[in-house]
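Comments concern the structure below.
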Amino acid sequence: MALKEGLRTWKRHFRLLFLLIVGLSGLLLYGIPGLRHLEIFIPMGTCPPARMLLLRDNFTGLLRLWARPEVLTCTSWGAPIIWDGTFDPDMAQQEAIQQNLTIGLTVFAVGRYLEKYLARFLETAEQHFMVGQRVVYYVFTERPAAVPRRPLGPGRQLRVERVLRERRWQDVSMERMRTLHAALGGRLGREAQFVFCMDVDQYFSGAFGPEALAESVAQLHAWHYHWPRRLLPYERDARSAAALAVDEGDFYYHAALFGGSVAALRQLTAHCARAQQQDRARGIEARWHDESHLNKYFWLHKPAKVLSPEFCWSPEIGQRAEIRHPRLLWAPKEYALVRD
Ligand code: UDP
Ligand code: MN
């Protein structure tokens with residue numbers, strides 16, 4: 001009898017504890033915004049000192065990865081995670097100038113995204129993106145005539161490419177992979193050595209220079225960089241080409257910004273376009289569309305460089321001591337206005 005009673009009490013306590021944990025994590029992740037900041041106490045891990053002292057980079061010279069002890073500054077496969085204070089911007093500038101690079105920046109502005117975001121994206125890119133380097137912007141849109149034309153800085157050009165307008169916003173987003181693949185195999189690929197591919201619903205707010213360059217570059221997602229791997233919003237449906245099992249995945253990367261050499265991006269975009277096509281043929285669509293496939297790609301082919309969330313920050317999260325110097329900021333999401 002006593003045993004039964006004890007078991008029942010224990011069960012009740014267990015259930016309460018379980019509900020408490022679920023409730024708290026729910027609040028933390030989706031509820032009271034202030035509570036979200038508690039996630040900074042979830043440790044990101046640390047870069048082993050031996051690696052920290054030795055990591056070099058073709059574009060930044062020696063990195064001072066020890067300069068940011070409160071955050072993770074390298075990955076388990078030895079790629080640097082670039083935080084403010086870990087690189088010398090002047091050194092990066094010199095290295096890039098010596099290599100005589102042309103850097104591409106691609107952006108899609110289809111439908112109402114054009115009027116809503118493109119002008120600010122381009123204007124702030126002129127102020128902050130690879131200033132002092134040769135830059136070629138590629139804007140993809142269904143309405144080339146509507147693209148704002150402003151005088152550009154020296155050594156900077158704008159090219160506009162026409163694309164068809166997909167009916168669903170998800171398809172516009174996913175079609176980017178196929179279009180980019182073709183562009184990288186054409187004029188863009190001949191003109192530039194390195195390319196960044198970005199969402200248009202954001203704007204530059206600080207210097208975004210050659211320290212971000214590498215053979216392949218992935219961006220830590222501002223909303224997920226402290227989360228335990230198991231909770232990351234990867235595609236989990238095993239039928240999808242983007243699926244990751246619970247013990248897979250390194251970080252959750254943000255598809256609003258990725259980059260690399262032309263050859264590396266040709267491979268990345270081919271993989272994602274093919275994987276999306278496979279899913280479509282099976283009548284399924286990955287949870288976060290092209291972002292899910294990008295995350296699968298970077299799990300299979302580790303990025304050579306990872307950018308800290310300082311490079312693409314969401315002001316909605318608010319200020320954080322570890323986010324010293326945001327370089328790109330998400331524009332407020334106005335889905336009702338821009339999506340059909
Ligand atoms: N996009 C577009 N028109 C659309 C849908 C998407 O131009 O109708 C482009 C645009 O560059 C946008 C990107 O695809 O920034 C990704 O879509 P969105 O930013 O809405 O996705 P989210 O960042 O909210 O996941
Ligand atoms: Mn976006």
Side-chain angles (χ1 to χ4, degrees), residues 30 104-125 129 137-148 158-183 188 195-205 208 218-225 232-235 242 252-259 265 268-269 272-273 276 285-298 307 309 311-317 326-340:
Y30 302 107
L105 175 55
T106 71
V107 71
F108 286 69
V110 173
R112 289 193 287 276
Y113 283 67
L114 194 156
E115 280 79 13
K116 184 80 198 151
Y117 302 114
L118 184 61
R120 190 174 191 194
F121 179 87
L122 291 174
E123 273 163 30
T124 56
F129 180 76
Y137 299 104
Y138 271 75
V139 173
F140 297 89
T141 178
E142 86 286 17
R143 281 174 298 139
V147 172
L158 173 76
R159 302 204 188 283
V160 181
E161 305 262 320
R162 187 191 293 275
V163 291
L164 292 177
R165 181 176 182 179
E166 300 292 329
R167 208 169 38 81
R168 299 165 62 240
W169 64 263
Q170 296 91 331
D171 289 327
V172 177
S173 190
M174 289 192 289
E175 260 310 288
R176 291 185 293 176
M177 291 297 182
R178 211 150 56 113
T179 308
L180 286 171
H181 185 72
L188 167 61
V195 177
F196 281 95
C197 307
M198 297 192 190
D199 271 15
V200 75
D201 59 342
Q202 47 190 350
Y203 57 93
F204 291 87
S205 58
F208 192 113
Q219 170 67 51
L220 290 185
H221 196 293
W223 287 86
H224 304 294
Y225 68 105
L232 294 176
Y234 298 129
E235 174 57 61
Y252 192 77
Y253 303 114
H254 193 182
L257 155 47
F258 58 91
L265 288 176
L268 179 157
T269 49
C272 293
Q276 287 170 177
E285 190 165 272
R287 182 170 176 191
W288 291 111
H289 319 106
D290 42 308
E291 187 166 82
S292 304
H293 293 282
L294 183 78
N295 272 280
K296 173 76 175 226
Y297 179 83
F298 279 136
L307 301 178
F311 280 80
C312 189
W313 184 245
S314 163
E316 215 182 292
I317 299 175
R327 284 126 210 285
L328 261 175
L329 291 173
W330 303 15
K333 299 274 175 203
E334 295 183 69
Y335 292 144
L337 213 69
V338 293
R339 286 182 178 170
D340 295 308

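Remember, it's 1-based here, ligands and their atoms both numbered in the order they're listed. Numbers for residues simply follow the sequence, beginning at 1.
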>> Check R178 with E175, please: is the shortest side-chain N to carboxylate O separation under 4.0 Å?
In response: yes
> Hey, which atoms in ligand 1 end up nearer than 4.0 Å to a heavy atom of R339?
Replying inline: 18 (P), 20 (O), 21 (O), 22 (P), 24 (O)
> How are the rings of F204 and F129 set relative to one another: parallel (under 30°), tilted (30 to 60°) or perpendicular (over 60°)?
Replying inline: tilted
>> Donor-acceptor pair, distance only, cut-off 3.5 Å: does the side chain of Q202 make one with the backbone of A256?
In response: yes
>> To check your reading of the model: name the closest protein heavy atom to atom 24 (O) of ligand 1, its residue, and the distance in Å.
In response: Y335 OH, 2.4 Å
> Which ligand 1 atoms does A109 reach within 4.0 Å, using its non-hydrogen atoms?
Replying inline: 7 (O)
> Who's the nearest protein heavy-atom neighbour of atom 19 (O) of ligand 1, and how far?
Replying inline: D201 OD2, 2.8 Å
>> Out of all atoms in ligand 1, which are within 4.0 Å of some heavy atom of K333? Include the element for each.
In response: 22 (P), 23 (O), 24 (O)
>> Assess whether a salt bridge exists between R143 and E115, defined as any Lys/Arg side-chain N lying under 4.0 Å from an Asp/Glu carboxylate O.
In response: yes
> Nearest protein heavy-atom contact for atom 1 (N) of ligand 1: which residue, which atom, what distance?
Replying inline: V172 CG1, 3.7 Å
> For ligand 1, which atoms sit closer than 4.0 Å to a heavy atom of V200?
Replying inline: 10 (C), 11 (O), 15 (O)
>> Of all the N, O or S atoms in D199, which has the shortest distance to the Mn ion (ligand 2)?
In response: OD2
>> For ligand 1, which is the ligand I care about here, please tell me if H254 has any N or O atom under 3.5 Å from one of the ligand's N or O atoms.
In response: no
>> For R112, which part has a heavy atom under 4.0 Å from ligand 1: side chain, backbone, both, or neither?
In response: neither
>> For the residue pair Y252 / E291, report whether a side-chain donor-acceptor contact shorter than 3.5 Å exists.
In response: yes
> Of all heavy-atom pairs between D199 and A255, which one has the smallest distance, and what is that distance?
Replying inline: OD1-O, 4.1 Å
> Can you find a pair of side-chain heavy atoms, one from R176 and one from D290, that are under 4.5 Å apart?
Replying inline: yes
> When you measure from atom 4 (C) of ligand 1 to each heavy atom in Y113, W169, W330, F108, which option holds the nearest one?
Replying inline: Y113
>> So for R176, does at least one of its heavy atoms come nearer than 4.0 angstrom to any atom of ligand 1?
In response: yes
> Between the main-chain N or O of W330 and the side-chain N or O of S314, is there a donor-acceptor pair closer than 3.5 Å?
Replying inline: no
> For atom 3 (N) of ligand 1, what is the nearest protein heavy atom, given as residue, atom name and distance?
Replying inline: V110 O, 2.8 Å
>> Ring-plane angle category for H289 and W169, please: parallel below 30°, perpendicular beyond 60°, tilted otherwise.
In response: perpendicular
>> Can you tell me if W288 contacts ligand 1 (heavy atom of the residue under 4.0 Å from the ligand)?
In response: no
> At a 4.0 Å threshold, what atoms of ligand 1 neighbour a non-hydrogen atom of S173?
Replying inline: 16 (C)
> Closest approach of L188 and G104, non-hydrogen atoms and distance?
Replying inline: CD1-CA, 4.4 Å
